[in-house]
Amino acid sequence: MDRIRRRRPSLTVRGVIEHKGRYLFLEAVDSSSRVPGEPWYFLPGGHVGHEEGLSAALEREVAEETGLKVEAVGPLFAREFIASRHRRLSPEMPPDHHVIALIFLCRPRAGSAVDVRIPPALDETSVVRGARWLAPAELAPLDLRPPHLSAALASLAEPNDHFLFWPEE
């Protein structure tokens with residue numbers, strides 16, 4: 001009997017990369033922007049590979065997307081995203097996209113550069129235009145993805161203060 005493989009949510013990691021009181025955001029422009037032609041912003045990160053640890057996946061994804069070497073300090077938030085429930089989607093977003101994102105606080109590794117280098121065709125799309133280090137006070141008027149990220153960062157506590165997490169031993 002053939003079994004149909006059911007689609008399941010995928011696991012992703014995203015980094016709230018903090019440096020000197022600012023957070024790193026990737027900047028994108030496409031038809032899903034709140035104001036046509038204006039950018040929207042999101043945290044760097046991506047998919048966790050099979051048998052890859054969460055911190056290792058995050059550090060790899062951030063390096064691939066920004067050139068930064070970071071260390072994951074600890075988990076802050078969890079987010080579920082189901083594309084079919086959203087009105088404003090990037091054209092590159094598959095309509096059946098469903099992910100669980102674990103969002104970690106990160107810091108640049110000691111002695112590493114904090115200059116961001118965005119590779120061409122990041123994530124095989126053309127929507128990423130660059131990256132910006134933004135202060136918390138700059139976030140409120142911006143088109144952030146997810147939109148509640150500004151408030152979440154404003155109430156940021158130390159990792160594990162409100163998120164119980166057991167990393168693999």
Trainee: Looking just at side-chain N and O atoms, do Glu61 and His47 make a donor-acceptor pair shorter than 3.5 Å?
Mentor: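 Not at all, the side chains of Glu61 and His47 share no donor-acceptor pair under 3.5 Å.
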Trainee: What residues form a salt bridge (Lys or Arg N to Asp or Glu O under 4.0 Å) with Asp115, not counting sequence neighbours?
Mentor: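 Partners of Asp115 under the salt bridge (Lys or Arg N to Asp or Glu O under 4.0 Å) test: none.
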Trainee: Strictly distance-based, threshold 3.5 Å: is any side-chain N or O of Asp143 a donor or acceptor partner for the main-chain N or O of Arg34?
Mentor: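 Here the side-chain-to-backbone pair exists.
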Trainee: Can you tell me how far CD of Glu138 sits from OG of Ser150, rounded to the nearest 0.5 angstrom?
Mentor: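 Ser150 OG to Glu138 CD: 11.0 Å, rounded to 0.5 Å.
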Trainee: Would you give the length of the straight line joining atom CG of Leu11 to atom NE2 of His50, rounded to the nearest 0.5 angstrom?
Mentor: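 Reported to 0.5 Å precision, the distance equals 12.5 Å.
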Trainee: Would Arg8 and His98 count as a side chain to side chain contact (heavy atoms under 4.5 Å, CB included) here? Give the steps.
Mentor: CA-CA 7 Å; Arg8 294 192 172 127; His98 183 177; over 6 Å; no
Trainee: Closest heavy-atom contact between Val29 and Pro39?
Mentor: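 Of all heavy-atom pairs spanning Val29 and Pro39, the closest is CG2-CA, 3.7 Å.
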Trainee: Could you walk me through whether Glu64 and Arg60 pass the salt bridge (Lys or Arg N to Asp or Glu O under 4.0 Å) test, one step at a time?
Mentor: CA-CA 6 Å; Glu64 288 174 2; Arg60 174 188 52 77; 3.3 Å; yes
Trainee: Test: ring-ring contact (aromatic ring centres under 6.0 Å, His included). Region: residues 132-151. Which pairs qualify, not counting sequence neighbours?
Mentor: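 Checked against ring-ring contact (aromatic ring centres under 6.0 Å, His included) - neighbours excluded - the pairs reaching residues 132-151 are His19-Trp133.
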Trainee: Tell me if a side-chain donor or acceptor on Glu65 pairs with a main-chain N or O of Gly45 at a distance below 3.5 Å.
Mentor: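 Answer holds: yes.
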Trainee: Taking the side chain as every heavy atom from C-beta outward, state whether Glu80 and Pro9 have any pair of such atoms under 4.5 Å apart.
Mentor: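 Result no, sub-4.5 Å side-chain heavy-atom pair not found.
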Trainee: Run through Leu26, Leu149, Leu24 and flag the one making a side chain to side chain contact (heavy atoms under 4.5 Å, CB included) with Leu43.
Mentor: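 Testing each of Leu26, Leu149, Leu24 against Leu43, the sole residue satisfying side chain to side chain contact (heavy atoms under 4.5 Å, CB included) is Leu149.
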Trainee: Determine whether a donor-acceptor pair (N or O, by modelled atom type, separation under 3.5 Å) exists between the side chain of Thr66 and the backbone of Ala63.
Mentor: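 No; zero donor-acceptor contacts below 3.5 Å.
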Trainee: For the side chain of Ser33 and the backbone of Glu38, is there at least one donor-acceptor N/O pair under 3.5 Å apart?
Mentor: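 Judged by distance alone, yes, a pair lies under 3.5 Å.
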Trainee: So Arg14 and Phe42, side chain to side chain contact (heavy atoms under 4.5 Å, CB included) or not? Walk me through it.
Mentor: CA-CA 9 Å; Arg14 297 265 165 209; Phe42 64 104; 3.9 Å; yes
Trainee: Could you tell me whether Glu71 and Arg107 have a side-chain N and a carboxylate O separated by less than 4.0 Å?
Mentor: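 Not counted as a salt bridge, because no side-chain N and carboxylate O are separated by less than 4.0 Å.
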Trainee: Take Trp40 and Val35 through the test side chain to side chain contact (heavy atoms under 4.5 Å, CB included) and record every step on the way to the result.
Mentor: CA-CA 9 Å; Trp40 52 274; Val35 176; over 6 Å; no
Trainee: Side chains of Pro108 and Val114: closer than 4.5 Å at any heavy-atom pair?
Mentor: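 Heavy-atom side-chain distance check passes, below 4.5 Å.
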Trainee: Identify the residue among Ile17, Val16, Leu134 that makes a side chain to side chain contact (heavy atoms under 4.5 Å, CB included) with Tyr23.
Mentor: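 With Tyr23 as partner, Ile17, Val16, Leu134 yield a single side chain to side chain contact (heavy atoms under 4.5 Å, CB included), made by Val16.
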Trainee: Let me see the working for Arg145 and Tyr41 under side chain to side chain donor-acceptor pair (under 3.5 Å), right down to the final yes or no.
Mentor: CA-CA 6 Å; Arg145 312 278 171 92; Tyr41 299 87; over 6 Å; no
Trainee: Once rounded to the nearest 0.5 Å, what's the spacing between atom CD of Glu18 and atom CG of Leu105?
Mentor: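 Answer rounded to 0.5 Å: 7.0 Å.
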Trainee: Which pair of heavy atoms, one from Ala83 and one from Pro95, lies closest together, and at what distance?
Mentor: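 Taking every non-hydrogen atom into account, CB-O, 3.7 Å.
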Trainee: Could you tell me if the side chain of Leu102 sits less than 4.5 Å from the side chain of Leu54, heavy atoms only?
Mentor: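 In contact.
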Trainee: What are the two closest heavy atoms between Ser55 and Phe104, and how far apart are they?
Mentor: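 Looking at all heavy atoms of both residues, the shortest contact is OG-CE2, 4.5 Å.
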Trainee: Identify the heavy atoms of Ala72 and Leu58 that sit nearest to each other, and give their distance.
Mentor: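 Distance-wise, the nearest heavy atoms are CB-CD2, 4.0 Å.
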Trainee: Can you find a heavy atom in the side chain of Ile100 that is under 4.5 Å from one in the side chain of Thr12?
Mentor: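 Contact flag for Ile100/Thr12 side chains = no.
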Trainee: Between Leu142 and Phe25, is any pair of side-chain heavy atoms under 4.5 Å apart?
Mentor: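 Side chain of Leu142 against side chain of Phe25, heavy atoms only: no contact under 4.5 Å found.
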